[in-house]
Amino acid sequence: MRSSIPSLPHRPGRFVTRPRALAVLLAGTALAFSPLGGQATAQLPVDQVGNPCLTPADGPAARGGFGADHRDLSAAEQQSIEAKTAQILKAKAARGLTPKAGTLAAASVPVYFHVMRSSTGAGDVTATQINQQIAELNQDFAGGESSQAANTGFTFYLAGTDRFNNNTWHRDGQSTTYRSQTRKGGKNALNIWLVDFSYLGIATFPWDYQSSPSIDGIRVQYSSLPGGSATNFNLGKTASHEAGHWFGLYHTFQGGCTSTNDSVSDTPAQSSASSGCPTGRNSCSLPGLDPIHNYMDYSYDSCYNQFTPGQSSRISTMWTAYRA
């Protein structure tokens, strides 16, 4: 249905707000979730895409209440992922391939940028913007924005940049094909495809790598990079959010007001995604205010400032299981 989305005018603030719209149906298999598979996505606001031919799905309303940005995993599906992960970690521990007790995994992650421009060069970004995006990832994953933020121990470096002029790829058409043809590196490499589509970002999860290694990575709206034109979402934090999924984090509102929630104990339960930066929001009767400053909510870029220690621990676990 993406072909029915009109071309968006290039103007300041042309892109959507993370809290103002959600992806619901994606081309291909984006929402064909198995217990150990799936993609996490984010979408442009409805007022900027006209009639995108998307049907809102049940689940937490966010980014304009246009529907959940990926199909919610049931508690049973989350448990299945946790059980599978535990099996892998047990086997790796027996071979001495896990971090020592009391320590977390850490690594320097190679990042490959693939700039998908139109035939006329629309959708391009500068080398400075790419370097600024790498700096943003390093700041966010190092806990550099808040005294309450965790230093995950993961750093990022630019391993390569390539640029393509292809109208179809620019609009995220034939995404399986273009990712398969352009992806670089192994399971530890973060590939970022910059496109012009109706989402802020789409990510694969680490447990998908074994079955679909050629499409592993994240797709990001090019105008969300630092200095881009995506009003409220041009500080580069969309890539940090999507990278969080790539590392194995769920949204903070995953599971809603449940004890399972996002499988992280120190992110308070949250019934739905946030919009803007609603200080004091408390959408659940369970303890704690909504974690609106967490990179895995749907707040404005300017509102984001932290991953929690629990999320850092989960990143370590998922990295060790699936990407180390």
Does the side chain of Gln221 come within less than 4.5 Å of Ser198's, by heavy atoms?
no

Does Gly160 offer a backbone N or O that forms a donor-acceptor pair with the side chain of Lys184 under 3.5 Å?
no

With a 4.5 Å cut-off on side-chain heavy-atom distances among I, L, V, M, F, W and Y, is there a chain of contacts connecting Tyr304 to Leu137?
yes

Any side-chain to backbone donor/acceptor pair from His251 onto Asp297? Under 3.5 Å, distance only.
no

Is Asn167 close to Ser119 at the side-chain level, that is, under 4.5 Å between some pair of heavy atoms?
yes

State, to 0.1 Å, how close Leu158 and Phe113 come at their nearest heavy-atom pair, and which atoms those are.
CD1-CD1, 3.6 Å

What I'd like to find out is whether the side chain of Phe164 reaches to under 4.5 Å of the side chain of Gln181, using heavy atoms alone.
no

N/O donor-acceptor pair under 3.5 Å between Arg314 side chain and Gly248 backbone
yes

Is a donor from one side chain sitting under 3.5 angstrom from an acceptor on the other, for Thr260 and Thr258?
no

We want to know whether Ser275 and Arg281 form a side-chain donor-acceptor pair, criterion being a heavy-atom distance below 3.5 angstrom.
no

Closest heavy-atom contact between Pro206 and Tyr322?
O-CB, 3.6 Å

Under the side chain to side chain contact (heavy atoms under 4.5 Å, CB included) rule, what do Asn191 and Arg179 come out as? Steps first, then yes or no, please.
CA-CA 9 Å; Asn191 281 250; Arg179 282 180 288 167; over 6 Å; no

Relative to each other, are the rings of His241 and His245 parallel, tilted or perpendicular (30° and 60° limits)?
perpendicular

Quick one: closest heavy-atom pair of Ser263 and Glu82, and the distance?
OG-OE2, 4.0 Å

Closest non-hydrogen contact found for Pro99 with Thr320 is CD-OG1, 3.7 Å

Take Met296 and Tyr250, measure what side chain to side chain contact (heavy atoms under 4.5 Å, CB included) needs, and give me the verdict at the end.
CA-CA 7 Å; Met296 302 313 294; Tyr250 297 125; over 6 Å; no

For the pair Asn234 and Ser229, evaluate side chain to side chain contact (heavy atoms under 4.5 Å, CB included) and give the outcome as yes or no after the intermediate values.
CA-CA 6 Å; Asn234 61 355; Ser229 60; over 6 Å; no

Under 3.5 Å: donor-acceptor pair, side chain of Asp172, backbone of Phe197
no

Please check: side-chain N/O of Gln78 versus main-chain N/O of Asn261, any donor-acceptor pairing under 3.5 Å?
yes

Distance alone, cut at 3.5 Å: any donor-acceptor contact between the side chains of Ser146 and Gln148?
no

Does some side-chain heavy atom of Ser302 sit less than 4.5 Å from a side-chain heavy atom of Asn232?
no

Look at the side chain of Thr317 and the backbone N and O of Ser313, then say whether any donor-acceptor pair between them is shorter than 3.5 Å.
yes

With distance as the sole criterion, is a donor-acceptor pair present between the side chains of Gln132 and Gln129 under 3.5 Å?
no

Atom pair CH2/CH2 of Trp246 and Trp319 - distance to nearest 0.5 Å
4.5 Å

State whether the side chain of Asp290 and the backbone N or O of Ser283 hold a donor-acceptor pair below 3.5 Å, judged by distance alone.
yes

Shared hydrophobic cluster, Val109 / Ile218 (ILVMFWY, side-chain heavy atoms < 4.5 Å):
yes

Correct closest heavy-atom pair for Pro291 and Pro268 would be CD-O, 3.7 Å

NZ/NE/NH1/NH2 to OD/OE distance under 4.0 Å, Arg183 and Asp216
yes

Do the non-hydrogen side-chain atoms of Pro110 and Asn188 ever get within less than 4.5 Å of each other?
yes

Single-linkage hydrophobic cluster, 4.5 Å side-chain cutoff, Val264 and Phe307 together
no

Interatomic distance, Leu286 atom CG to Ser271 atom OG [nearest 0.5 angstrom]:
10.5 Å

Are Glu145 and Tyr295 close enough that a side-chain donor and a side-chain acceptor fall under 3.5 Å?
yes

Hey, what do you get for OG (Ser316) to CD (Gln311), rounding to the nearest 0.5 Å?
13.5 Å

Does Ile292 form a side chain to side chain contact (heavy atoms under 4.5 Å, CB included) with Cys277? I'd like the steps, not just the answer.
CA-CA 7 Å; Ile292 65 169; Cys277 194; 4.1 Å; yes

Under the 3.5 angstrom rule, does the side chain of Thr152 hit a backbone N or O of Phe141 as a donor-acceptor pair?
yes

Taking atom types as modelled, is there a side-chain donor on Asp266 or Thr308 under 3.5 Å from an acceptor on the other?
yes

Rounded distance (nearest 0.5 Å) linking atom OG of Ser274 with atom CZ of Phe253
8.5 Å

Beyond-backbone contact of Phe205 with Ile81, side-chain heavy atoms, under 4.5 angstrom:
no

Evaluate the ring planes of Phe233 and Tyr300, with Trp represented by its six-membered ring, and classify them as parallel (under 30°), tilted (30 to 60°) or perpendicular (over 60°).
perpendicular

Please round to the nearest 0.5 Å and tell me the distance separating atom CG of Leu225 and atom CD1 of Ile130.
7.0 Å

Among Thr182, Leu194, Asn165, find the one that has a side-chain contact (heavy atoms from CB on, under 4.5 Å) with Met116.
Thr182

Single-linkage hydrophobic cluster, 4.5 Å side-chain cutoff, Tyr222 and Leu235 together:
no

Could you grab the distance from atom NZ of Lys237 to atom OG of Ser224, nearest 0.5 Å is fine?
12.0 Å

Are Leu104 and Phe154 co-members of a hydrophobic cluster defined by side-chain heavy atoms under 4.5 Å apart?
no

Is the closest side-chain heavy-atom distance between Met318 and Phe247 below 4.5 Å?
no

Does the Arg171 side chain pair with the main chain of Ser118, one donor and one acceptor, at a distance under 3.5 Å?
no

Between Ala243 and Leu190, which heavy-atom pair has the shortest distance, and what is it?
CB-CD2, 4.3 Å

Within the distance-only criterion (no hydrogens, no angle test), does the side chain of Arg117 pair as donor or acceptor with the backbone N or O of Gly123 below 3.5 angstrom?
no

